[in-house]
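Okay, structure first, notes after.
The model shown is predicted, which means the values in this text are computed figures rather than measured ones.
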Amino acid sequence: TPGNLTSQKKTRMEDRKRLLKKYEREYRTHPRALAKLATMIGGSELTYGNKKEARIYYQKALRARPLTFSALRGIMKTFL
């Protein structure tokens, strides 16, 4: 149903993906913000079982900030 918590979380994840896609050039000048957003998207993708998609976003986070612990931990989870 449209009002349940799961659909709200998926909608929020899709909104974040659109936001990143639209403003990725601007985010590149702020690597910490880019890494945080990409890590959040990766975590959401992982929660929904999309390991391949999660890996893509974790890689974006790590390219922006190579020592982002949460992205390192997340990308390792995608291989389990």
Side-chain angles (χ1 to χ4, degrees):
T1 61
N4 73 19
L5 191 57
T6 303
S7 68
Q8 290 173 2
K9 286 182 179 181
K10 278 195 172 195
T11 300
R12 194 168 30 240
M13 178 183 67
E14 294 301 324
D15 289 345
R16 287 178 179 145
K17 287 168 89 171
R18 278 192 293 277
L19 183 70
L20 181 57
K21 186 175 183 177
K22 184 174 182 178
Y23 296 108
E24 190 162 8
R25 183 177 296 157
E26 289 84 352
Y27 270 110
R28 291 204 182 280
T29 62
H30 302 282
R32 177 180 271 171
L34 173 58
K36 183 172 180 142
L37 182 59
T39 299
M40 287 186 335
I41 296 169
S44 295
E45 289 288 1
L46 192 59
T47 298
Y48 292 111
N50 303 326
K51 289 184 177 185
K52 187 175 181 180
E53 196 73 12
R55 209 171 289 132
I56 290 168
Y57 285 97
Y58 285 133
Q59 287 172 345
K60 280 183 188 272
L62 291 170
R63 277 195 297 276
R65 287 192 60 148
L67 296 177
T68 305
F69 178 72
S70 54
L72 287 167
R73 183 182 58 208
I75 203 164
M76 287 191 291
K77 285 182 181 178
T78 65
F79 291 103
L80 298 177

Check for me, please, whether F69 and I75 land in the same ILVMFWY cluster - side-chain distances under 4.5 Å, paths through other members count. no
Are E14 and K10 within salt-bridge range, i.e. N to O under 4.0 Å? no
Do Y48 and M13 have side chains that get closer than 4.5 Å, going by heavy atoms? yes
For a 4.5 angstrom cut-off between non-hydrogen side-chain atoms, does Y57 reach T39? no
Any chain of hydrophobic side-chain contacts (each under 4.5 Å) joining L62 to L46? yes
Is it true that a side-chain atom of K60 and a backbone atom of L34 form a donor plus acceptor pair closer than 3.5 Å? no
If you look at every heavy atom in A61 and A35, which pair is closest and at what distance? CB-O, 3.6 Å
S44 side-chain N/O to M40 backbone N/O, donor-acceptor pair under 3.5 Å: yes
Between K17 and E45, is there a side-chain N and carboxylate O pair less than 4.0 Å apart? yes
I'd like to know if D15 and R18 make a salt bridge, using a cut-off of under 4.0 Å between side-chain N and carboxylate O. yes
Calculate, to the nearest 0.5 Å, the distance between atoms NZ and CG belonging to K51 and L80 respectively. 6.0 Å
Show me the pairs that pass side chain to side chain donor-acceptor pair (under 3.5 Å) and involve residues 71-80, at least two apart or across chains. R55-T78
If Ile, Leu, Val, Met, Phe, Trp and Tyr residues are connected whenever their side-chain heavy atoms lie under 4.5 Å apart, and connections chain through other members, are Y58 and L72 in the same group? yes
